[in-house]
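Here is how names work: the chains are called A, B, and so on, in the same order as the sequence lines, proteins then strands, and each is numbered from 1. The figures here come from the full heavy-atom set of this structure, side chains too, leaving out hydrogens, waters and symmetry mates.
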Number of protein chains: 2
Amino acid sequence: MQEPRKSDLLQGTLDMLILKIVQFGPIHGYGIAQRIQQISKEALQVQQGSLYPALHRLENKGLLASDWRASDSGREAKFYTLTPQGRHQLEAETAHWERMSEAVGLILRTVE
Amino acid sequence: MQEPRKSDLLQGTLDMLILKIVQFGPIHGYGIAQRIQQISKEALQVQQGSLYPALHRLENKGLLASDWRASDSGREAKFYTLTPQGRHQLEAETAHWERMSEAVGLILRTVE
DNA sequence: GCATGATGCCTCGACGGTCTACCTATACAG
DNA sequence: CTGTATAGGTAGACCGTCGAGGCATCATGC
């Protein structure tokens, strides 16, 4: 019996993570995936098939704004920035995450 | 603007939480939902439509075993217990959760 | 000149977990 | 006899994620 194929991230956290990374400053999609992987010390990694739909989702909701600029490598890339709603949403999701993950920890640390 | 309809739990944690609660000793489904809610101080709550499919899933995978007994209220109820594989799985999932949630925390606590 | 890998954007189909909304039945209180 | 808590269950829909692809550009090595 082999690895039950664990997901690369905790379900439902992707949007929050993206918003958080973008908060640091304008960045393109490819860079977001790299940053997440790097900061998490390779523990989390975002598949492109998850990333781009998420970015479009967030942009459609008005949480992110985008414009084309030249990337470090001199190529055109779509840079995302946080909108005011995005910042607000990030705060809300962060608070929600804190509450929830703490609650899970509470259960896990319970010894009968 | 209304509640974005947040989920009642963090996606992907239900199986782990169930296994953890069952670890405390034989308990029936209804009781599991109550315990989770109670220990988490109402932060987490499990819908029955999520709970029972999850229990059947876990039993089919051989992580839980069940038998009918009389509950506290004198009614018949299906009591679940952890199998050895279930215990093993719980440890694996707990470790995975720790790694993942810590990684998420790492990102959230990063200040540029 | 050509292949390869890294960068960068994207789409599609499938899967699986969760939620909402139901159904059933029993015990007990009023 | 009606309502509520307890207890088990199913069906359908939704939606996020993943796997697997596609496309283009640029730098490097051969």
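With sequence neighbours left out, Arg87(A) forms a salt bridge (Lys or Arg N to Asp or Glu O under 4.0 Å) with no residue at all. Residues satisfying the side-chain contact (heavy atoms from CB on, under 4.5 Å) criterion with Gln47(B), sequence neighbours excluded, are Asp8(B), Gln45(B), Ser50(B). Arg57(B) is linked by a salt bridge (Lys or Arg N to Asp or Glu O under 4.0 Å) to Asp15(B), counting only residues two or more places apart in sequence or in another chain. Checked against side-chain contact (heavy atoms from CB on, under 4.5 Å), Thr81(B) has the following partners two or more places apart in sequence or in another chain: Pro26(B), Ala65(B), Arg69(B). Contacts of Arg99(A) classified as salt bridge (Lys or Arg N to Asp or Glu O under 4.0 Å), with partners at least two apart in sequence or in another chain: none. In this structure Asp72(B) satisfies the salt bridge (Lys or Arg N to Asp or Glu O under 4.0 Å) test with no other residue, sequence neighbours excluded.
Look at Tyr52(B) and you'll find a side-chain N or O under 4.0 angstrom from OP1 or OP2 of dG8(D).
Of the residues in residues 10-32 of chain A, those with a non-hydrogen atom less than 4.0 angstrom from any atom of DNA chain C are His28(A), Gly29(A), Tyr30(A). Using a 4.0 Å cutoff on non-hydrogen atoms, the parts of residues 67-80 of chain A near DNA chain D are Arg75(A), ordered by number. Only Gln47(B), Gly49(B), listed by number, bring a heavy atom of residues 36-49 of chain B to less than 4.0 angstrom from any atom of DNA chain C.
The ring-ring contact (aromatic ring centres under 6.0 Å, His included) contacts involving residues 49-77 of chain B comprise nothing, where partners must be two or more places apart or lie in separate chains. The ring-ring contact (aromatic ring centres under 6.0 Å, His included) analysis of residues 24-46 of chain A, with sequence neighbours excluded, yields the pairs His28(A)-Phe79(A).
Axis orientation changes by 10° from one end of the helix from dG1(C)-dC30(D) to dG30(C)-dC1(D) to the other, with each end axis drawn from 5 pairs and the value rounded to 10°.
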